[in-house]
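Reading through the structure tokens given below for one structure.
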Amino acid sequence: MDTLIPAPVSASPAPAEDFAVTAATAVHATDDAAPVAEHLAEVLRAGTGHPVPVLAGPAPGGAIALVLDAAAVPHPEGYRLSVTSRSVTLTGSTPAGLFAGVQTLRQLLPARAGTEWVVAGGEVRDQPRFAHRGAMLDVSRHFYTVAEVKRFIDQIAQYKLNVLHLHLTDDQGWRIEIRSWPRLATHGGSTQVGGGTGGHYTQEEYRDLVAYAASRHVTVIPEIDVPGHTTAALASYPELNADGVAPELFTARGNATGFSSLATGKEVTYRFVEDVLREVAALTPGEYLHLGTDETHATPEEGRLEFIDRVLPIVARLGKSVIGWHELLRSPGLPVSAVPQYWGRESSDPLMAAAVARGNRVLLSPAHKVYLDMKYDLSTPIGYKWAGCIDVADIYDWDPGTYMDGVPETAVLGVEGPLWSETLTSYADVEYMAFPRLAALAEVTWSPWSTHDWPGFAARLAAHGPRWEAQEVNFCRSPQIAWST
Ligand code: ACM
């Protein structure tokens, strides 16, 4: 109970009340709770080898019960967990709350399973601070397989992150099948940084990823980065270029950006964008489409403004809301539903404050705090340092609720840690940059600020090393943490 991450609102350990998972243990759940119960049962089966059936209806003694009760737990993602030597009762008002509680329950089990696996006794009450708790994975610069992205979803969900923002397109690769413009994936997705074979997700595979994420209560936000960051598209269709000439695919190592643009003055560009967004929206149960809009250095400003003016209504017609990197705020007349994602390094930005004053909510991803592609320290073999080195204490030690002038906590929809992948040639590299830092970010986004305490967090985090070892996660052993063995 004293090693939970993210820290819960309250926890009262009761060491005499540990609950043993045995060959007789069952998980009881009523209808809507059954999928979460099955998820918990799978974890317990895999750990212990016991059958752990999921049964309908109320629980007798000796069982684990998942209960939906909106009166008992007012927050939709909140939960109450009670562990005694006789039974475990997890109560939530929604399946999402129960799922969060299951992640807590998992952390109350020892890192290594066995035939008798013991849940630490006591009571936990909990609910999140921010609604949007995200990680971004750049699958453009290097491509990661469906299985790898599913593993990432499982890894972030264990820390109660609930959004996976997929950066699906960039200069170096187009990673999602678009049936009306097939060369985007077959040509634009055929390579990656350093010239590897790249890859793309078919629409079938992408639907499967989105459904898998939903089963982990994670919403996928697809990013189609326009009008810049578009070499993969421009190389696939010459007509999208201002001069009508397709460039070569771009595979150079390094983090060059801002050198490509869709031809904002051509009608075909808007047919292209509408077709792409229509197909992507049809694959997206979530509210948001992310349009990028960052680093449009190769787009004349007038063209950029026209482009945004014409694309915003397309997204609205598709029934979706827009997220864009904070450069989106250079466009006047954004709807209040539009969400700027701040990736700057200042604590003051007049356009952010003005958007908040108009009623927009914002995402915070300040690069020097949460860019997961920054090195931990100068000895980190991969990653960049243009926004500084970011060790665990740096990502932990900032308060999104007070971080920016004119952006009060109520205006902060949430926080996201972007993991750009120019230097991450394997999924092991992804894990190395994401962990342990995503655990720190999870606490910043989930836990009440009143629990914020670096020495306490560092001590709790140390106990997660053996969990990651048991799950074979290639985490970085930051020297800031006295890792447990
Ligand atoms: C960004 O880092 N260009 C959002």
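All figures in this text were calculated on a predicted structure; none of them were measured in a lab. All ligand and atom numbering here is 1-based and tracks the order in the structure.
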| Any chance the side chains of Ser478 and Asp391 put a donor and an acceptor closer than 3.5 Å? | yes
| task | Please tell me if the side chains of Leu419 and Val430 come closer than 4.5 Å, counting only heavy atoms from C-beta onward. | result | yes
| said: Is the positively charged end of Arg437 above the ring of Phe435, judged by distance under 6.0 angstrom from the centroid and angle within 45° of the axis? | reply: no
| Contact residues of ligand 1, where a non-hydrogen atom lies under 4.0 Å away | Asp294, Glu295, Trp325, Trp343, Tyr371, Trp420
| request: Would you mind checking if Glu204 and Arg207 are paired as a salt bridge, meaning a charged N to carboxylate O distance below 4.0 Å? | output: no
| Are Tyr201 and Phe143 an aromatic pair by the rule of ring centers under 6.0 Å? | yes
| query | What pairs meet the side chain to side chain donor-acceptor pair (under 3.5 Å) rule with one or both residues in residues 236-253, with sequence neighbours excluded? | reply | none
